[in-house]
Every structure is written in C-alpha cells, then in structure tokens.
Amino acid sequence: MTGAWEARLDGNLHGWYYWYTLDGPKNVFGLFDPDQRILDPYALATVSREGPGIVIDRAEIARPDRSFRPPAWQDLVIAEAHVRDLTALAPLKLRTDERRGFTGLRKWVESPEFHLARLGVNAVELQPVQEFDNATPEEYHWGYMPVNWFAPASNYALAPERASQIRELQDLVAAFHQRGLAVLLDVVYNHVGVPGHLAQIDKLYYFEQDSGGALANWSGCGNDLRARAAMARRLIIDSLTHLIEVYGVDGFRFDLGELLGVEVLRDIELALKRVKPDVVLIAEPWSFRGHIAQELRSTGFASWNDGYRDFLRDYVRGSGAPEKYEYFVKGSPGFFAAWPAQTVNYTESHDDKTWIDVITENADGSGLQPTLNDCRRTHLMCAILLSSIGVPMLAAGQDFLRSKQGVKNTYQRGDLNALDYRRLYRFPGTYAYFADWIAFRSSERGRLFRQYSRPSDGFFRFWFAVDSTAAITLYNADGSQGGLRLLFCGQPNAARGGDFNRGRRAGRLAATG
C-alpha cells in the first residue's frame, strides 16, 4: 500500500544483525540522518538499546503452551513487581548475571520458597520487560523508557547477542503459569526512550507536536507518541499480539493510558480479544493532561483507582468521611466503575513512596523501623483492601512492610528497590495476616467480595460510629446471594491490643450461614 516499502533478500538470514538508515528532510519536523543507525521498530530481538536488531525466523521460535487460563477478573489478586527487585536478594544461589534478569527470576519462581506463590496471589504484574534504554547491563532502571516494543529487554538476558532473551522470557512466563500465577505486563506506549528510533524514522508522523515542531510533554518524558496515527496504532497492536502469541502473557497494564486515548484503547481491546478472549486489560487512566476513568466505563478496561489509594492512606490514620468509605468498599460504583472488577484497588505501586513510608509515625518519614501503630494500620489496610469489591493489587514486599527509607522517586535506585526478604522473618505476623486474608478472599466464603456484576441495592449495610471513623459492614444483608453473610468491623482510631505481629488481628470478620 502507499507509504509502505518492502525488500526481499534470498538465503537464510536467521541470527544476522541489521539496522536501518534513512534519508530525508532535516528540520524541525524531521530528524533524518543517513549516517544514523536505526533499530527496526519491528525487530524481534536486539543486542542493545542502539541495536543492531537480530533477524529472527519466526518458524524457529517455539510456541508457548497456551492452555493456561488466567483467573476470572473478579477472582484476581495481583502483585506488582520488578524483575530485578524480585531476584536481587532472593534467598537462593544465583550468578550475578542471573540476578539481573529473566533466568534468575525464573529460578526463583520455580523455588519452593518463592514468596509470591506462598502469599497466595494469583497474578503478577511485571514492570516493563520490553527493550528499554539501559546504557549498560549493570544499570538499574524501572523500564519505563522503551526503545522497541517487540524485543524482550536485552539487559535482562544472559546472551542478548544470541537473542537468548526470547527463550528466557518464554521460560519465565511458563514458570509463573506452572505456579498458578497469571502474567500481566506493564507496557509503555505513550512515549519512547533514548535513542528515539521512531523519531529518526518520522518525527512528524509518530509524535505529538505543535505548529513549531515542539514535542508534546504530557507524559513528563518529553516526546508523547501520536498513538492515534494509523501506523502507530498498528505498531502497538501488532506488538501486543506478538507478546500474547509468542510469550503466552495473560494481559497488560497500560502506563499513562490517557495519552493513548479511549478510541485507541477500544481498538486495542477489540484486536486482542480476537487473539485471547480472556485477556486482562488494565489502564493507568491519567496523565499530566487529564483522567479518563469515567470514559473507560463503557470499555472492557479496568482502571487503577488512585482515589481508593488516597482514601485508604488517610482512613487508617483516622480521617475519611463515612460516605467515601462506603463508596470505595462497594467498588467505586457509578462514576468510576460500571462493573465490580473495573476498579483495581491498591494502596502502593512502584511510583512514589512505599505504603509504610507514607503512613509511618516516624518523624523522618521512613518506615524501615515501623512503629506498632504502623503495623496495626497496615493490617487494617490489608483487611479493607481484600474485603473491598474490585480487583486488589499489592506492591511486592508490601506484605512484609517494605520500606525505601522514605525516598519518593527511586526509579534508578536498585539498592532501595530490591526486596529485602529478611523482613519476612522480622514481620512474620504481617506476612501471615496478608496470606490469611488472600486465602479467605479466594475461599467459598470470600465469594461475597468477588462480585461479577453489581449486587442488589440491599446487599450492603453500613454502620458508622458517631465519635470516630470506625465502621461496620454487612455483606449480603438482604440475603440475595444465599444464606451466607459476612460482618466486617474496622476501627482505625487508637487501635488497642497486643503486638499485631503476634496476634495479627486488625479488621475483624464474622461469618454466618
């Protein structure tokens, strides 16, 4: 078709290296440079962020076992995690290069001691694993600066020059599936990293810019993708389809989804459900420009619920209006979520401070040495989070009071982000409390928390204390879902009792029926 070029070369080129070079106008709207080597946006593997791309014969790629099925959305319990954070201090014997990437994490997942499997979550949301702009294999990076959307991160591979990252990522996904965990990938399509290969191909076409050629910056990264452009949209959908078909991933979380726009997200949903009808689709519904959670209500996307996050952080410290408590426990109906699992409820993610550093009583803002009340508040948060309607998401390490010593932005701080598994033994009560709640939510009695469609108007009944923010919630109050009823009591003000890493009780739950 017009605007597409094709060249054919005879012979078996599997494993060969290649770049593109392009020539054309060089001005405010174009960055053409015939001396610049450009990584193919459709390269299936690359040696590094600069390239070269590696020619891969698709017939040579083993196809994954597609028999695994992710849990129904209302049954999901997600843990957000980072490849290197999980493996850096994992308590098993690994080589240094293994700890940096896919193979080390695969071995940790296969270990009987793998803590996320023992915790009971049934899905892991991995921070970006597509090729991003690490300058060296040793450099720590969150991965939110992509340079190619088909190639697994070369810095997470043992032999990127031989495209080992393809098989290593396949094996990692398969290992998670063997442990019963669905794999969701955090994907970034709203901007690109360095080098900006797409800008060298066609800056005017692929990037949002004003009439003077200045790039838009609603992502905060300085080069917002023009996702609505036909070939940009195709590139996004083709790469997502590739990740499903070649790696067997179960879903995606879209970084700064507002910048992609609802129409592009609708096209993504339609295309991916043809490939995988049960694909899990989650959007971060905001950017510096706006918030689209309300617009997403008519789509098949769930949304990260930042209002839930902010409310629960305040509530456990004794503030928060009763009507807000009721709204969020019900699953943010109406304005935010059209159906129960459309809200992803969370209180901590990779960005910003950890939960314990936000709510700690310590004057220095570090939860490294949490107080007794810090532990109690965390237990109450866990109880409310896992008894709220919607999809609960934990940040890896939240279950053992992970702290980044109060530091807010740690995107290149591997030393602070690495999970310190010794805290499992320092705070066993907290870890067990989280595991108990996850197990209960996943049980037959916990089905009252896992709603597929909106329950009846009388399903909930709430009571609130006059002189505090204490609350009581009765689930299935009208008996519309059988004889089972659950009564939850929570008291965030001046929690009393013994050490909660011994007794472990914060929110109290009773069941009848």
Working for salt bridge (Lys or Arg N to Asp or Glu O under 4.0 Å), residues Arg253 and Asp255: CA-CA 6 Å; Arg253 176 265 190 190; Asp255 182 72; 3.2 Å; yes
Take atom [atom1] in [X]; do more than 12 heavy atoms of anything else shown fall under 6.0 Å from it?
{"X": "Arg118", "atom1": "CZ", "value": "yes"}
{"X": "Gln178", "atom1": "CD", "value": "no"}
{"X": "Arg266", "atom1": "CZ", "value": "yes"}
{"X": "Phe288", "atom1": "CZ", "value": "no"}
{"X": "Tyr17", "atom1": "OH", "value": "yes"}

Residue of the set Trp286, Trp304, Trp218 for which ring-ring contact (aromatic ring centres under 6.0 Å, His included) holds with His291: Trp286
N-O pairing of [X] and [Y] below 4.0 Å:
{"X": "Glu258", "Y": "Arg289", "value": "yes"}
{"X": "Arg402", "Y": "Asp85", "value": "yes"}
{"X": "Asp278", "Y": "Lys276", "value": "yes"}

Whether the [X] and [Y] side chains hold a donor-acceptor pair (N or O, under 3.5 Å, no angle test) is what I'd like checked.
{"X": "Glu98", "Y": "Thr103", "answer": "no"}
{"X": "Ser111", "Y": "Glu113", "answer": "no"}
{"X": "Arg106", "Y": "Gln170", "answer": "no"}

Where do [X] and [Y] come nearest, in terms of heavy atoms and distance?
{"X": "Tyr144", "Y": "Pro128", "result": "CZ-CD, 3.4 Å"}
{"X": "Cys221", "Y": "Met145", "result": "SG-SD, 4.1 Å"}
{"X": "Pro370", "Y": "Asp374", "result": "CA-OD2, 3.5 Å"}
{"X": "Phe301", "Y": "Trp73", "result": "C-CZ3, 4.5 Å"}

Evaluation steps, side-chain contact (heavy atoms from CB on, under 4.5 Å), between Glu131 and Ser154: CA-CA 6 Å; Glu131 183 69 19; Ser154 59; 2.9 Å; yes
Within the 6.0 Å centroid threshold, strictly below: Trp108 and Phe114: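 Between Phe114 and Trp108, which both carry aromatic rings, the centre distance is below 6.0 Å.
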Once rounded to the nearest 0.5 Å, what's the spacing between atom [atom1] of [X] and atom [atom2] of [Y]?
{"X": "Leu225", "Y": "Leu260", "atom1": "CG", "atom2": "CG", "answer": "7.5 Å"}
{"X": "Tyr433", "Y": "Ile438", "atom1": "OH", "atom2": "CD1", "answer": "12.0 Å"}
{"X": "Leu169", "Y": "Leu185", "atom1": "CG", "atom2": "CG", "answer": "7.0 Å"}
{"X": "Glu284", "Y": "Asp351", "atom1": "CD", "atom2": "CG", "answer": "7.5 Å"}
{"X": "Thr347", "Y": "Arg313", "atom1": "OG1", "atom2": "CZ", "answer": "7.0 Å"}
{"X": "Ile282", "Y": "Thr343", "atom1": "CD1", "atom2": "OG1", "answer": "10.5 Å"}

Stepwise ring pair (Phe, Tyr, Trp, His ring centres under 6.0 Å) check, Phe150 with Tyr42: CA-CA 6 Å; Phe150 285 80; Tyr42 275 79; 4.7 Å; yes
Pair Gln398-Glu80, side-chain contact (heavy atoms from CB on, under 4.5 Å): steps then yes or no: CA-CA 10 Å; Gln398 198 171 8; Glu80 185 203 36; over 6 Å; no
Partners passing salt bridge (Lys or Arg N to Asp or Glu O under 4.0 Å) against Arg422 (at least two apart in sequence or in another chain):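 Arg422: salt bridge (Lys or Arg N to Asp or Glu O under 4.0 Å) contacts with Asp420.
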Aromatic plane relationship, Phe132 with His141 - under 30° parallel, 30 to 60° tilted, over 60° perpendicular: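 Tilted.
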Over-ring placement of Arg84 relative to Tyr156, 6.0 Å and 45° cut-offs: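 No, Arg84 does not lie over the aromatic ring of Tyr156.
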Partners meeting side-chain hydrogen bond (donor to acceptor under 3.5 Å, both in side chains) with Tyr189 (sequence neighbours left out): Gln130, Ser239
Side chain proximity check, Ile268 to Phe252, heavy atoms < 4.5 angstrom: no
Arg228 vs Glu208, salt bridge (Lys or Arg N to Asp or Glu O under 4.0 Å): CA-CA, chis, key distance, verdict: CA-CA 10 Å; Arg228 57 195 169 89; Glu208 301 283 4; 3.0 Å; yes
